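Atoms within each ligand, like the ligands themselves, are counted from 1 in listed order. Note that the coordinates shown come from a computational prediction; the quantities given were computed from them, not determined experimentally.
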Amino acid sequence: MLLRILFGFVFTLTCCLVKAEPLTVEALGNDIYVHHGVHEDLSENYHGDICNISFIVGSKGIAVIDTGGSLKVGQQLHEAIRKVSPLPILYVINTHVHPDHIFGNAAFKQDNPAFVGHEKLPDAMERRRESYLRTNQQWQGEAFAGSEIIKPSVLVKGTLKLDLGDRTLVLTAYPTAHTNTDVTVFDDKSSTLWTGDLLFVDRTPSIDGDIKGWLAVINELKIHEAQNAIPGHSGLLKESNWKQQLNNEERYLWTLLNDIRASIKKGEVMEKSMATAAASERRYWQLFDIVNRRNVNNIYPSLEWE
Ligand SMILES: [Zn+2]
């Protein structure tokens with residue numbers, strides 16, 4: 001009897017745990033939905049939910065843009081999608097390789113979508129597999145259970161069009177900038193551009209690719225026709241505001257580049273440069289002290305050989 005009660009209790013508990021709590025999403029109109037993560041660094045207190053996660057509903061099916069930092073977040077996203085539409089999930093797009101954007105992919109395996117990413121994404125995922133799994137496990141603990149690397153099955157080289165029925169998504173792959181795997185997604189119906197982390201707003205831009213390459217990509221984005229933009233983190237940017245935010249990002253990157261170059265010219269060691277480069281930008285950006293130091297650490301060695 002006691003065993004039966006116990007079994008019943010465990011059964012109820014597992015039942016309730018299986019169904020994930022849906023992510024809160026903002027309906028932007030035009031059948032576009034976005035979940036906004038919180039501003040947190042990728043380190044000790046990170047809980048896998050810091051980036052923008054979006055889905056677009058077309059007449060034939062749904063496209064997901066980025067899936068969050070764990071299977072759990074991906075499952076919550078799945079629940080949120082099912083509250084909105086029963087249509088098939090046709091595409092799961094990753095804007096780049098960073099772990100806060102890709103680890104929810106596994107929650108969509110059973111939907112059998114095309115996983116879509118930059119032509120260099122499979123290789124980048126493979127190279128980072130071990131360290132990403134280890135560090136994310138460390139940071140997130142139990143909440144990271146079941147998370148895995150799911151590589152793209154459809155690769156973006158140049159541009160690629162995805163058909164959702166009444167709307168077309170145009171994906172563009174870029175040379176190395178924020179990372180070596182950056183893609184943007186443009187939805188013609190709403191004239192909205194998903195920039196991934198090619199555009200940072202509020203949060204200090206973090207460089208894991210090539211600062212000069214990134215500045216070149218910013219010049220391309222500046223002439224993009226999109227009326228609205230959804231960055232990798234933070235809210236929707238309307239009309240001229242998104243170009244203004246691009247200018248802010250460009251200003252930070254140029255300041256950082258020039259300050260490090262000046263520092264090298266003066267013969268300062270990297271430690272010194274880490275403390276002083278781009279200091280004039282500090283008041284404009286969140287997480288500045290951590291991210292800016294890391295940026296100097298990444299860029300300084302390559303600029304020494306200019
Ligand atoms: Zn990123």
- Task: Could you check E306 against K265 for salt bridge (charged side-chain N to carboxylate O under 4.0 Å, His left out), going step by step and ending with a plain yes or no?
- Result: CA-CA 11 Å; E306 267 189 332; K265 214 169 170 191; over 6 Å; no
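D197 contributes atom OD2 as its closest N/O/S atom to the Zn ion (ligand 1).
Using modelled atom types, one finds no donor on one side chain facing an acceptor on the other under 3.5 Å when comparing Y91 with D163. Checked by atom type, the side-chain pair T95/D66 shows a donor-acceptor distance below 3.5 Å.
A heavy-atom distance below 4.5 Å is not found between the side chains of V34 and L236.
Here H96 reaches the Zn ion (ligand 1): one of its N/O/S atoms is less than 2.8 Å from the metal. Not one N, O or S atom of D100 sits under 2.8 Å from the Zn ion (ligand 1). Put simply, H98 gets within reach of the Zn ion (ligand 1), with an N, O or S atom under 2.8 Å from it.
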